Amino acid sequence: MNSLCTLSKILQVLKEAGQINQDVVDSVRKYIAASQIHPDGTFLTPQPRTENVNPSRLTLPFTARADQAVNPVAAKLLKVMVSKQSNLCVAADVTSASRLISLAESAGPYVCLFKTHIDIVEDFSPQLIQDLLAAAQKHNFLLMEDRKFADIGHTVSLQYSQGIHKISSWADLVTVHPIPGEGVITGLKSAVTNLHRGCFLVVEMSSAGNLASPNYVACMLLQPQWKYLRSIQTLWRA
Ligand SMILES: O=c1ccn([C@@H]2O[C@H](COP(=O)(O)O)[C@@H](O)[C@H]2O)c(=O)[nH]1
C-alpha cells in the first residue's frame, strides 16, 4: 500500500498556505521521526516513554495483550473484545433514564463499551446506576463515562467521586483531557481505592474549530508522563 500524500508534503502545503507556522512543522516532524516503527511494531528510535512497556505488545493478538496489560481494566476490555468479537463502543447520548437503559439492553450484546454522558440524564437517580451495572454484567460490556475531566487534581478527584453521580463508583473508564498536566491523572487516582479503574486521554477532537492543533497533539504525545498513551490510543482504535 502506498500513501497518496506524505505527511511532510501536507506540512509543506499547510505552511505555504499560512495555516501553520514553522514551530508546528518542526514539532510534527519531530513527532513523526520519533514514531517510525519497524513492521514488528518496534520503534526505529528508542522511546523514552516505553519503560515497563513492551512496544511489540501492540502487534500481538488481543488475548496476548490482555495478559500483558498493566491495568486490569485494559485487560478486561481486551478480553471482552475477544469473547464478543467486537470492538464497538456505543455513544449513549440520551437524556432519559429509560432511553439509556433501553439502549444498553438493545446495543449491549454487540458492544464492548457503553459510553455515557451521565450529566445529561434529566431524571437521574442512583437506581439508574444499578440498572446500568446490571445491563453491563448481563451483556458483558464495560462502562465509560465521557466526562472529559480537565481541571486541577483536587477538583477532578471531587468531580469523579462526589456529587450526585459518584462516577468513580461505577464507571470502569472515564475520559480525560491531558491539558492540565499529570495532576489530572493523580487527582483521579487519589479518588479510588480497591477498585479497578482506567481512563482514556483525549488528545484529538473531531469538532469544527477545535484547538487541538498538530502542535498540541505532538506535544501531548511527546510528554514522558503519558508513557502509556500510545498503547491506550492503539487499544481504542483497534
Ligand atoms: O471529537 C469528538 C467528537 C465527539 N465525541 C463524543 O462522541 C459522541 C458522539 O459524537 P458524534 O460526533 O455524534 O459522533 C458524543 O458523546 C461526543 O461527546 C468525542 O468524544 N470527541
Side-chain angles (χ1 to χ4, degrees), residues 7 10 14 19-20 24 28 31 71 73-74 77-78 80-81 84 86-124 128-129 131-133 135-136 139 141-151 155-156 159-160 163-181 184-185 187-188 197-223 226 228-238:
L7 275 171
I10 292 170
L14 288 172
Q19 297 297 310
I20 57 174
V24 173
V28 175
Y31 168 68
N71 185 327
V73 179
L77 180 57
L78 286 159
V80 170
M81 289 162 77
K84 294 177 84 171
S86 167
N87 59 10
L88 296 178
C89 167
V90 64
D93 295 352
V94 295
T95 56
S96 83
S98 62
R99 290 192 63 199
L100 193 63
I101 294 306
S102 166
L103 184 56
E105 287 294 339
S106 55
Y110 311 103
V111 300
C112 59
L113 205 51
F114 191 78
K115 184 177 86 64
T116 55
H117 282 294
I118 205 69
D119 53 358
I120 65 173
V121 177
E122 293 187 339
D123 53 347
F124 175 85
L128 174 59
I129 298 305
D131 294 345
L132 265 182
L133 287 168
H139 297 297
F141 58 75
L142 275 70
L143 295 169
M144 178 162 78
E145 167 56 22
D146 192 5
R147 176 63 179 70
K148 296 191 179 73
F149 291 103
D151 214 315
T155 304
V156 295
Q159 292 171 327
Y160 186 33
I164 57 169
H165 298 123
K166 308 207 183 326
I167 297 166
S168 63
S169 72
W170 55 270
D172 301 287
L173 292 151
V174 292
T175 53
V176 179
H177 282 299
I179 188 82
V184 70
I185 303 293
L188 293 172
R197 296 291 180 245
C199 67
F200 279 99
L201 301 183
V202 178
V203 172
E204 293 174 297
M205 296 200 72
S206 58
S207 46
N210 79 81
L211 302 178
S213 64
N215 194 26
Y216 172 83
V217 174
C219 285
M220 290 300 159
L221 291 172
L222 290 168
Q223 290 296 308
W226 310 125
Y228 299 124
L229 179 60
R230 185 183 305 280
S231 57
I232 292 167
Q233 282 199 318
T234 306
L235 176 74
W236 180 238
R237 289 174 179 169

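When a residue number appears, it is its place in the shown sequence, counting from 1. For clarity, every value in this text was computed on a predicted model and none was experimentally measured. Order of listing sets the numbers, starting from 1, for every ligand and every atom in it.
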Quiz item: If every non-hydrogen atom of P178 is compared with every non-hydrogen atom of V202, which pair is closest and at what distance?
Solution: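 Closest approach of P178 to V202: CD-O, 3.0 Å.
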
Quiz prompt | Nearest heavy-atom neighbours spanning L133 and L143 | solution =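 Heavy-atom minimum between the residues: CD2-CD1, 3.8 Å.
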
Quiz prompt | Under the salt bridge (charged side-chain N to carboxylate O under 4.0 Å, His left out) test, residues paired with K166 that sit two or more places apart | solution =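 In terms of salt bridge (charged side-chain N to carboxylate O under 4.0 Å, His left out), with neighbours along the sequence ignored, K166 is linked to no residue.
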
Practice problem: Could you please spell out the steps behind the side chain to side chain contact (heavy atoms under 4.5 Å, CB included) verdict for D119 and H165? | Solution: CA-CA 8 Å; D119 53 358; H165 298 123; 3.8 Å; yes

Quiz item: Checking side chain to side chain contact (heavy atoms under 4.5 Å, CB included) for the pair I179/M220: CA distance, chi angles, key distance, verdict?
Solution: CA-CA 8 Å; I179 188 82; M220 290 300 159; 4.1 Å; yes

Quiz item: Applying a heavy-atom distance cut-off of 4.0 Å, which protein residues contact ligand 1?
Solution: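 Contacting ligand 1 under 4.0 Å are A91, D93, K115, H117, D146, K148, M205, S206.
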
Quiz item: Do C112 and L77 have side-chain heavy atoms sitting under 4.5 Å apart?
Solution: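 Yes, close enough: below the 4.5 Å cut-off.
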
